[in-house]
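Being a predicted model, the structure only gives us computed values, none of them experimental. Every chain is numbered from 1 and lettered A, B, ... according to where its sequence line falls, protein lines coming before strand lines.
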Amino acid sequence: MNKVIKDLLSRKSFIFSIIIIGFFSILAVAAPALTTYSNPYLPSQQYVAAPYAVPSWATIFPQYKELPPDVSFTFTKYVSSDSSYVTAVNASYIKVVVPPGQTVNVSFPFKWNWSHPYDVVVSFKLLTPSTTSFVVNLYFNGLYAMELCPVPFPVEPAVSISPGKVNSVVFDSKYISPANSPFASELPLSEQPLAAYEFPSYALPKPGTYNVTVSFENTGSSKEVFVMSLPSYSSLGYVYGKLGTDDNGASVFAEFVYGARFDLYLSLLASALIIGIGLFIGLLAGYVGGFTDLSLNALTDFFLLIPGLPLLVVLISIFDVTGTIVNVNKPILILLIISLLSWPGTAKIIRGQTLSLKGRTFVEAAKALGEGNLRILFRHILPNLMGILFAQLAYDVPGVILAESGLDFLGLGITGFPTWGNMLGFATYNVSFINGFAWWWVLPPGIGIVLLSTAFYFFGSAMLDVLSPYKLRGE
Amino acid sequence: MIETQNLKVYFKSRDVVVKAVDGVNIKIKEKEIVGLVGESGSGKTTLGRTILNLQRPTAGKVLWNGKDVSKLKGKEEKEFRRQNQIIFQNPYEAVDIRMKVYDIIAEGIRVHKLAKNEKEEREMVMNALREVGLTPEEEYANSLPNQLSGGQLQRVAIARALVLDPSFIVADEPVSMLDMSIRAGILDIFQKLKEEKGKSVLMITHDISTIGYIASNIYVMYQGKVIESGPTDEVLDHPLHPYTKALISAVPLPDPSGRSTLFSTEVREEVEPYNGKGCRYYPRCPFAMNVCKEKEPELTGESNDHYVACFLY
Amino acid sequence: MIFEESTDVILKVDSLRTYYKTKRGSVKAVDDVSLFVDRAKVLGVAGESGCGKSTLVSTIFRVLPRNAQVVSGEVKFKGQDILSMDLKTFRKTIVWKDIAYIPQASMDVLDPVYKVKDQMMETIMEHEDVSKAEAMERIYKALESVGVPPEKADMFPHELSGGQRQRVVIAMALLLNPSMVVSDEATTALDVITQAKILKMMKDLQESRKFSMMFVTHDLALLANISDSVLIMYAGKVVEFGDVEKIFRNPLHPYTRALIDAIPDLRLRKKKKLVSVPGYPPDLENPPKGCRFAPRCPIAMPICREKEPELTKVEGFHYVACHAVSRK
């Protein structure tokens, strides 16, 4: 055994394969620890950053240098036109006293180091007076972002606020429209529908110091007292995590890791199944020979000649339709169908090898010793097939990965959670010049499939060489 | 003990029928070494395999103590296997190189359940190793086939057969793959088996000179037929068939003054192909007559169990 | 070393050492081998598997595998050091033209997809500037001289019998009239009768055309029949070298004696018992100290396990490397 391992380790291709397979296996096993998103295709796990956010390390490239990451903070500094009206209640609340007929502005300055973000969210808590004679306006950098009125149905674009209560005020650029934001309503009519997208670029166009201003206007005849929390700011950036985001702003890294987990899992299971069927049929055909061989060979040829992918497509579709009646688990369905269509190659190889082993002198010697067929099979044939079996197992893995990825790519396979195949599928559908061809989304699953396939191929070849003594002994 | 009766083994590949063994009668008595000589393609290996029921005959039968070996069943078949063993030409091919020498030899003991316990099995294996001269036996038992030389491995193969205590052994060119200097050692083992244990051996070889040292009877085969047979001394000292004569004269002698004998080998170049009905040797026979082209000669007795199939006699 | 017996030397190998590099060290396949072949004479080289005789041949033709290396020594052919020569010039002007190689004609020696005559044609055309018709004529002549009917020239290698294939290989070697041929186990896989006929043919050709020959084989008995001098190798070393009569009539090295005693002899089968040498050849990565044959030698003395014996002259053309002999 030691010799086998030593022999294996002396091969560079084997070391390469082990490193690659090891890397992906660790990814697969440690997936829950590596990312907090267990299924980035769920809406709740999307928009962790802007759609098509680039990986954070990509900011070393000049064209991505200015892109902002996800930012969120709570303001700590405030400035007002007259400091006697504004006093701090504690670390996070301030009290604003507005004399009758006057307006008090409280500004919250902050430094912005990037180009514009995907969105802008400002939120704070506001305790309003119990009268209705006031208006609170929110300005973002001079842009009239929001108007809050203490009447149930204010004239649009003003938003209602409850008097005498603690209100949660949220300004989210994603949801602004001419109905809720004076900014949007002031735009020319043709641009109004785009207000939500354009606001960030108006508000935070480039690095610099900006401010959020809350303006309290007292329209009544007695002084009014407001209490507000220091507002918090947050925005989704165009830079995210290790591998950026997809079209839904979901973490590509999470997709990649869970894709690896599923692909490895499925391909190993399917390969084991393929080997199981192939070994049984191949061994039976090769060792028994005669009519058994003939009929099994015919069966193998039949399955071999079926055009795999089209049938796969048809079968999946049929099961998909009936799936609403008979509830079949899709991954299991794919596993079974791929295995059932892929065993003939393996069976043929094993049959050939068995045939050649059967004709070898040492098998004849075993027969001459009086050994029965079963004993010969298990003691002499099977152990000598070990190399081929391992190799086939390894060679089948890329086949399964490719078949499954192909299905997912076409949208016929799994769609509910990420696999490398549907990552590629969705990516191909969405990438374009506008999102810089989202290379961070396309390359990882692509490279993953190629690397893993190559690695398994090398692994299989090394196993074949090392575990097949009859091949090597020609020296 | 072993006897073949008009044994025929034909192989069919597409339209061509190859008559590997074509009506062969041979007899091996107890406690004797019988030599079967022939060049490659003469059918000698097929004959050996058929005798051990590793190949089905097309016609005729092989009798083992009077019983047809192809009809043996169950216990009797197992006993036949135990009592009749085979040694192959290429020792590297004949053993499963994944198995340790110990397991290779113990295989037969396990199959036939010859040992009551592990201790007894171990003893049997070690005895067999000692018997074939592989000492220290403990060391050999633990080695793998690829650590052994061809000669050592051939001894392992012999030990594997001997551990079953067979009464008859087919030795198919057991020394032709081995170096000259160790051949005699292997042949000695067979000699001892006959003399000390009373075993019978069918020694298949292409080398008529070696067989002279150990066989008491010789059969000479040519293209599926026995063309001459008889006691070793008779056949070697007074060969009758032109082919046997050629075989003998073609053996190189380790004697610089003997150059003439090697180069006097009289064989014609094959000028015309065999016509399918005459003597199989006539295309190469320097003494070919007209009758040789027309009819196949029968094996007929000349003197003292010396048989020859040739129209010259 | 200097051999006084050499009168008209054509090939001289001097203290040649060819080692194979392995992971654990080096295999001394040819270790300090010296020999000579005279014009129009036949040198037989005998030894068992792994004795280095094939490596010796590969060294002479400079076709060693990558991991092999000539550590020291030289090979002189007609006075030219062929090991230090430019490889291209060597292949173009010496191999085939002047010194040809006859391998064992197994299936892969002749290219299965070319007809016999095409392969022979290529050999001629690559080395000589002659017309096709002239070359064809030479091919037919060459085939005739080895006893192959001319119509076989139009056949593919697999249509020939083993003996005919071997004859074709010999004809190819002799196509360019080399002054020396090296035959490496050329008759090994053949039936005895075919072997005898081909040996006779080779000997006749050698005598009529007067080329030199180095005949490498594991079968010592063959050498008694065709060679003028014999070299016995064991574990990469020359153990005995001398005139054929001397080697067979008076073998001095215990290994040579054992080899001769191991040859079955039909005439003497009742008087002479076949002898086998106990033990097995040594591991050439770690050859035993002293004489490499000592562990198997029936007459080994303490000095044999200490010091390597040198090839020394006994009397006439007879050299032996054995302490037991040099003491006498």
**Prompt:** Given the options B/T210, B/D207, B/L187, B/L236, which has more heavy-atom pairs under 4.5 Å with chain C than any of the others?
**Reply:** B/L236
**Asked** Going by atom types only, do C/D243 and C/S229 share a side-chain donor-acceptor pair under 3.5 Å?
**Response** no
**Prompt:** Among side-chain atoms of C/Y234 and C/R296, is any donor-acceptor pair under 3.5 angstrom?
**Reply:** yes
**Request:** Kindly indicate whether the side chain of B/Y140, heavy atoms from C-beta on, has any atom under 4.5 Å from the side chain of B/Q152.
**Result:** yes
**Item:** Ring geometry between C/Y255 and C/H253 (parallel below 30°, tilted from 30 to 60°, perpendicular above 60°)
**Value:** perpendicular
**Asked** In residues 35-46 of chain B, which residues are in contact with chain C at a heavy-atom separation under 4.5 Å?
**Response** B/E39, B/S40
**Asked** Side chain, backbone, both or neither: which part of B/I186 has an atom under 4.5 Å from a heavy atom of chain C?
**Response** neither
**Request:** Please list, chain by chain and in numerical order, all residues satisfying ring-ring contact (aromatic ring centres under 6.0 Å, His included) with B/Y282, sequence neighbours excluded.
**Result:** none
**Request:** Can you check whether anything in residues 211-221 of chain B gets within less than 4.5 Å of chain C, heavy-atom wise, and list it by number?
**Result:** B/G212, B/Y213
**Asked** Based on non-hydrogen pairs under 4.5 Å, which of C/D204, C/D219, C/L220 is most in contact with chain B?
**Response** C/D219
**Asked** Any side-chain donor-acceptor pair under 3.5 Å between C/Q104 and C/T188?
**Response** no
**Prompt:** So which of C/I260, C/D265, C/V277, C/D191 has the biggest tally of heavy-atom pairs under 4.5 Å with chain B?
**Reply:** C/D191
**Message:** Given heavy-atom pairs under 4.5 angstrom as the criterion, report whether the side chain, backbone, both or neither of B/S149 touches chain C.
**Reply:** side chain
**For C/F241, all residues meeting ring-ring contact (aromatic ring centres under 6.0 Å, His included), sequence neighbours excluded** = C/F3, C/F36, C/F317
**Asked** Around C/E144, counting heavy atoms of other residues, nucleotides and ligands shown, do more than 12 lie under 6.0 Å from its CD?
**Response** no
**Request:** Verify whether one side chain among B/Q223 and B/Y243 offers a donor that lies under 3.5 Å from an acceptor in the other.
**Result:** no
**Prompt:** Have C/E48 and C/H218 got a donor and an acceptor in their side chains that come within less than 3.5 Å?
**Reply:** no
**Request:** Using only heavy-atom distances, determine whether the side chains of C/Q166 and C/T187 contain a donor-acceptor pair under 3.5 Å.
**Result:** no
**Message:** What part of B/D233 gets within 4.5 angstrom of chain C, counting heavy atoms only: side chain, backbone, both, or neither?
**Reply:** both
**Prompt:** Do B/I87 and B/F190 touch side chain to side chain, with heavy atoms closer than 4.5 Å?
**Reply:** yes
